[in-house]
Amino acid sequence: MTNSDEKKNDGFEKVYDYVGGSGWFQWRLLLITSLQLIIVTWHHIGYSFLGAVPDHWCKIEDLETRTNWTLTEIKRLSIPRTVKSDSGEFSYDKCHYYNLNYASLADTSESFEEAFSKTSYEGVEILECTQWDFDRTIYKTTIPSEFQLVCGRRWMTATIQSSYMAGGLVGTVFFGTVSDKFLGRRKTILISLTIVVVCGLAAAFAKSYWIFLLLRFFTSIGVSGSIQNCFVLVMEHADIKYRALLGMLEQIPFAIGYMILPLLAYFIRDWAMLQLSFGLISLTLVSYLWWVPESPRWLATHGNEEDSLKYLLRMAKVNKFPKPSKEALLEYIRQAHQQPPPREQEERVLENGEVNLKSASSKFKHRLRGVAENFKKLMSTAEIRKRSLVFWTIFLTVSMVYYGLVFSTNLTSDPFLLVFLGGLMEIPAYLLTPIPASKLGRRPTTCATFMLTGVCMLGLSQIDSSYETTRIVLAMLAKFFISSTFAIIYLLGAELYPTEMRTTGLAVGIFCGRLGGGSAPYIVDLLQHIGKDFASVIFGVSAVAAGLVALGLPETRVLEMADNVHEVEKQAVEIKEKRRMSRMSITDGLTQL
């Protein structure tokens, strides 16, 4: 047992010596939170199938209803063709048709050959489609085929995922803040999952594009609140030695959900039924009412000593540790907060009578000030400010590149295989990344995975589409490296910020990630007219640049998780001093030589 001064320097982390920071309680919590991540993953990347755009062409109703011609014959008569000069191959226009009198041709012609032989295309006007037919070979229906979101309306397809990302912007900031300041991790998770279940089910019955968009928006709010708070909950239950391992392993359920999604989509090829399956399966998350605990660290930071102690004693029991002394635990619990508990602040009345926090309006204003203050703290000191700017920049980039790869559909003709392989690559990424992250450090690993992603994407942009296998290999390697970066990014968010603003800081990072992810569908879908692989160039250059920016991060591998801004600044001073001493020792060594 160390003396009191030494205990004080250890902070809240020391409680894990008494209750266990890597036992059955932590692994059970990881398994519990994994369930929601598997399920919400389907909402998160379901756009790959819900928003898939099948092959399409103008609908010529007179020919379809008044003749018995084959589809090829109808298209040959009515749709302009583009012929490749080098190979002689041709493709039918997806967005235009010839302005002919199709009703007359259908009524006066006995066969296609007769109609085609008497049709002259000289001077015939070419018009934009008003209705489309879709290839039903792969999908029975998708959102684009249901609501005719092609050609001039193609931007509305990309907006399906961008609106989802916009919901993530709201959800990460809102639920991140209320989790840190008011509700805690458990209540925030329960509210978030309720939104996911209700809106996910309702979206399956949407009869208009805009209603579906709105419900996806609110579903994303719930998904974001659930993912980030479950992650933080696991991190706040782990000791310093196992944070990296648990943080990385918590990403594996996402990969499992990723791989299950194409299996669901393979057997359920109607968008409404697929969306309904997401909602019905998510009903199992009602079990979280009994399963999910509160974070004793959050309770301690907010001055709730009694509940924090209760959860810690329960943790010790589950981890089969001897029942610890309550006095010893309370000593560390009290070190986690330096300000008066929030309850005491709300009940406090200033002697001059100007402010009475017991009134409802004053309490509301007080909470708004608390939210604003938490965001201000993210830029309050030099070290916190530097960490925030670097973290937000790399989060925006990793999300943009990651979702750009997820939603790229020009690599193979089998979308189910492509998505399955994309999910499969995430498992080795999450299993192997903890090794360099723990041994070499978070900063060099982040830089390296970004750089390797960029190299693969730039290489992919230079490979001709006829080399499909090579393109798939490069794309999957890029997926492996960017998934590794994504795993590290959440760990960094948990380690860079102190407890009093951890979820808020991570939430703003995820907010930036949503901006990057929201841009990905537009980059992939709307820039194809510039070049088929133009998006790969953008993603490759961005990844390389982000790798260089990541060098501005501190190395958090050996740092204790801070509880307040003062501890963060103290860490920064210590890091600078170590670097200074290291440079001096190198200089002295060279001088002696």
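Throughout, numbering of the chain's residues begins at 1 and tracks the sequence. Owing to the predicted nature of the structure, the values given are computational and were not obtained by experimental measurement.
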message = For the backbone of Asp180 and the side chain of His302, can you confirm whether one donor and one acceptor N or O come within less than 3.5 Å of each other?
response =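 Answer holds: yes.
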
ask   = Yes or no on side chain to side chain contact (heavy atoms under 4.5 Å, CB included) for Thr188 and Phe182, after CA distance, side-chain angles and deciding distance?
value = CA-CA 9 Å; Thr188 304; Phe182 311 121; over 6 Å; no

Do [X] and [Y] meet the criterion of a side-chain donor-acceptor pair at a distance under 3.5 Å?
X	Y	result
Glu327	Ser325	yes
Ser192	Ser226	no
Gln26	Asn319	yes
Thr449	Thr485	yes
His44	Tyr258	no
Ser179	Arg185	yes

> Between Phe218 and Tyr164, is a side chain to side chain contact (heavy atoms under 4.5 Å, CB included) present by the stated rule, with each step listed?
Replying inline: CA-CA 8 Å; Phe218 281 105; Tyr164 182 90; over 6 Å; no

Exercise for the section: Step through the shown structure and confirm whether more than 12 heavy atoms of other residues, nucleotides or ligands are within 6.0 Å of CZ on Phe321. Expected result: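 For Phe321, atom CZ is crowded (more than 12 foreign heavy atoms under 6.0 Å).
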
Side chains of [X] and [Y]: closer than 4.5 Å at any heavy-atom pair?
X	Y	result
Phe486	Phe254	no
Val398	Phe450	yes
Ile256	Leu37	no
Ser295	Tyr311	no

Ignoring hydrogens, what is the shortest heavy-atom contact between [X] and [Y]? Give both atom names and the distance.
X	Y	answer
Cys199	Thr219	CB-OG1, 3.2 Å
Phe278	His43	CB-CE1, 3.6 Å
Glu250	Cys230	OE2-O, 3.3 Å

Please lay out, stage by stage, how Arg442 and Glu495 fare under the test salt bridge (charged side-chain N to carboxylate O under 4.0 Å, His left out). CA-CA 10 Å; Arg442 294 17 165 183; Glu495 294 181 333; 2.6 Å; yes

Can you tell me how far NZ of Lys479 sits from CG of Leu424, rounded to the nearest 0.5 angstrom?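 With rounding to 0.5 Å, CG (Leu424) is 10.0 Å from NZ (Lys479).
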
Is the ring pair Tyr288/Trp291 parallel, tilted or perpendicular, if the boundaries are 30 and 60 degrees?
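Ring orientation of Tyr288 relative to Trp291: tilted.
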
Inspect the contact between Glu383 and Arg387 and indicate whether a charged nitrogen and a carboxylate oxygen are less than 4.0 angstrom apart.
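A salt bridge is present here (some side-chain N lies under 4.0 Å from a carboxylate O).
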
